[in-house]
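One structure is given below, represented as structure tokens, and several questions about it will come after.
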Amino acid sequence: MRSKSSAERRRGIALHAALFPLALIWLFPLWMMFVFSTLPENGIFSRDIILTPSDQFVENFNLLESDTGFIRATTISILVAAAYTVLSVALTSMAGWSLACYRFAGKGVVLATILGTLTLPYFVVVIPQFIMVARDFGLHNTLFALIVPPLFNSLGVLFMRQTFSMMPHELFDAARVEGVKEWRIFLFIGLPLARPAVAALSIILFLHSWNNYLWPLLINSKPAMMTAPVALGSLIGLTKVSWGGIMTGAVMLTAPMLVLFVALQRHFVAGISAGAVK
Amino acid sequence: MAAVSLNNVVKKFGSLPVVHGASLEIADGEFVVFVGPSGCGKSTLLRMIAGLEDITDGEIVIGGKVVNDVEPAERGIAMVFQSYALYPHMTVEQNLSFGLRMTGNDKADTQRRVSRAADILRISELMQRRPRQLSGGQRQRVAIGRAIVRNPQVFLFDEPLSNLDAELRVQMRVEIARLHKELGVTMIYVTHDQTEAMTLADKIVVLRAGNIEQIGRPLDLYYDPDNQFVAGFVGSPKMNFIRGHVVERNDKGVILELAGEDGTRLAQPLTGPAPELGSHVTVGVRPEHFGDAGKGDADLTVSVDVVEHLGGTSFVYAATAAGEELVIQRDAATAADAAEITVSIRKSYLFDEKGLRLR
């Protein structure tokens, strides 16, 4: 390998010197979240700023569990996010595939409609959706209501359509000539080749569901059906806010996501940047 | 094995016609090459035979059966694509067997067919590799192997050699010719390379802008083209064209004066109708058919631009007094500034203003 020139080295040092403080600023709230999760209530509100962790994490967690049933709420969150991710990836991939691979009447209208939904703010949709699901279908306080209504993801459809569009269509034609059924072409050729995109989309969708607060708060009123973010929100009461519990819960919700993201980062970047360069 | 017929096949994309009523008979076991410039509709015609494109009008018959509405897989065809279209996430073996596995073919039979194809194409040692671990030529072999395992009645090739380098292209061309001889099945091959067409075909179909210009055996097209387009397209280097006009008509034919060559006249005998007096015509001469001055029917003085020595032969790039660029083939040539050449009636072709051959 060519050794780095001194100009390159200097540029590298300058870049790191600029990025390091920015990284600190970004990481500081996360660190404080972790520190607060280990402090007793009086430590959080002490006059001195405490920057090092203490040993109250387990106590805070026990408090959180007794107040909200956090383990149950997290279990529901995991279930909902996993089911949502699998179903939504399947749905958006199939929709993207059909838009990328087939000619059909009204395709332009369908595409424009999907694109159009991106311009609607979520808050415009959520109330009619709530009325439809809760009042008309009577599905409130069910896992179905948590998973199914947000399933259709316009951005995901467009993302998958783009992914399949960029694949050489001769691959699919070759399979057609061999007599392979369309759904098998999708399943055995299209999807495996779209793996980086599917991985990236899965992370985005999982995080979307994992962090979703408003919809689960609206559609489920029973404490037994609370998801983890809603459980944390319930700690903010009229007269008392349990900051230790909130911070402990926030650490427990953030840590697995960070690990997941770092583990799948390679796929994520590959998926997002696929097709950017030949 | 099967014969293929196209009866007045039309293809339109929306309101844009791309193939205007193509009719063609391909005999059982014949090697037919569709050739023409980019955008002439040759690949579209092949995709219509494969069933990958619907036809707007007309009829396609394979093995005596009209297949207009028959699925690609039911047509008894196999296709080799320009980009090879190998599934990148599968090994060579999985690529070869994929179609058979997906259509529920018997396992033992699939294995037997895959082994046979691998033997024919000498790729047995590559079976566990993925496409990215193969060279261009090996990928092309696998793509052909995937067609062989289907035991098709008709092989379709869509510019299969255009992604290969020159040396490999010659090698694979020979392989395909060998394969045709070995399997004896009908093959339809699309290319824009007239050398491939000339060397491989039993019959060439020359297309231009969605029309079939001429159908015939390679040497028939070379020596007896129906029009100026075919004359110019078949042969490398291409035929030279020299403009002229009719100065005299008689019952034997016409006498022409070549552009920029005052007083140089060429008497061209014709058996068919002769063009009008004064009408513009074009004389076509193949590079190898120019002779030494004084030994033909009309001598021309040309200014030599470049001489290419290829060893056995040389190509002289020159221009006439009227500025028409010519390529002249000589056994040996020197880079003289000017040269005297001659055109012989027996070895030249005459085309009318519309480019149609005058015989």
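Letters A, B, ... mirror the listed sequences (proteins, then strands); counts begin at 1.
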**Request:** Count the heavy atoms belonging to other residues, nucleotides or ligands that lie under 6.0 Å from CG of B:D54, then report whether that count exceeds 12.
**Result:** no

**Request:** Side chain from CB out, backbone as N, CA, C, O: work out which of these in B:R47 comes under 4.5 Å of a heavy atom of chain A, or both, or neither.
**Result:** side chain

**Message:** I'd like to know if A:R176 pairs up with B:E74 as an ion pair, taking the criterion as any Lys NZ or Arg NE/NH1/NH2 lying under 4.0 Å from an Asp or Glu carboxylate oxygen.
**Reply:** no

**Message:** Would you say that more than 12 heavy atoms from the other residues, nucleotides or ligands in this model lie under 6.0 Å from the CZ of A:F152, or not?
**Reply:** yes

**Neighbour count >12 (heavy atoms, 6.0 Å) for atom OH, A:Y122** = yes

**Item:** Interchain contact, A:F188 with chain B, by part (heavy-atom threshold 4.5 Å)
**Value:** both

**Item:** Which portion of B:T103 sits near chain A, non-hydrogen atoms under 4.5 angstrom
**Value:** side chain

**Prompt:** Does atom CD of B:E59 have more than 12 heavy-atom neighbours, drawn from other residues, nucleotides or ligands, at distances under 6.0 Å?
**Reply:** yes

**Item:** Whether over 12 other heavy atoms sit under 6.0 Å from A:K107 NZ
**Value:** yes

**Request:** Could you grab the distance from atom NE2 of A:H169 to atom CZ of B:F81, nearest 0.5 Å is fine?
**Result:** 12.5 Å

**Prompt:** Taking B:A78, B:G51, B:A85 one by one, which has the highest count of heavy-atom pairs under 4.5 Å against chain A?
**Reply:** B:A85

**Message:** Tell me if the CZ atom of B:R101 is crowded by more than 12 foreign heavy atoms within 6.0 Å.
**Reply:** yes

**Prompt:** Of the backbone (N, CA, C, O) and the side chain (C-beta and beyond), which part of B:E53 lies under 4.5 Å from a heavy atom of chain A, both, or neither?
**Reply:** side chain

**Asked** Of all the residues in residues 79-90 of chain A, which have a heavy atom that comes within less than 4.5 Å of a heavy atom in chain B?
**Response** none

**Message:** As an exercise: rank B:L156, B:V149, B:L52 by heavy-atom pairs under 4.5 Å with chain A and give me the winner.
**Reply:** B:L52

**Item:** Shortest non-hydrogen contact between A:L171 and B:Y87, atoms and distance
**Value:** O-CE2, 3.5 Å

**Asked** Is a side-chain N or O of A:E178 found less than 3.5 angstrom from the main chain of B:A73, in a donor-acceptor match?
**Response** no

**Item:** Whether over 12 other heavy atoms sit under 6.0 Å from B:R178 CZ
**Value:** yes

**Prompt:** Quick one: what part of A:I189 sits under 4.5 Å from any heavy atom of chain B, side chain, backbone, both or neither?
**Reply:** both

**Prompt:** Has the side chain of B:R150 got a donor or acceptor atom that lies under 3.5 Å from a matching backbone atom of A:V177?
**Reply:** yes

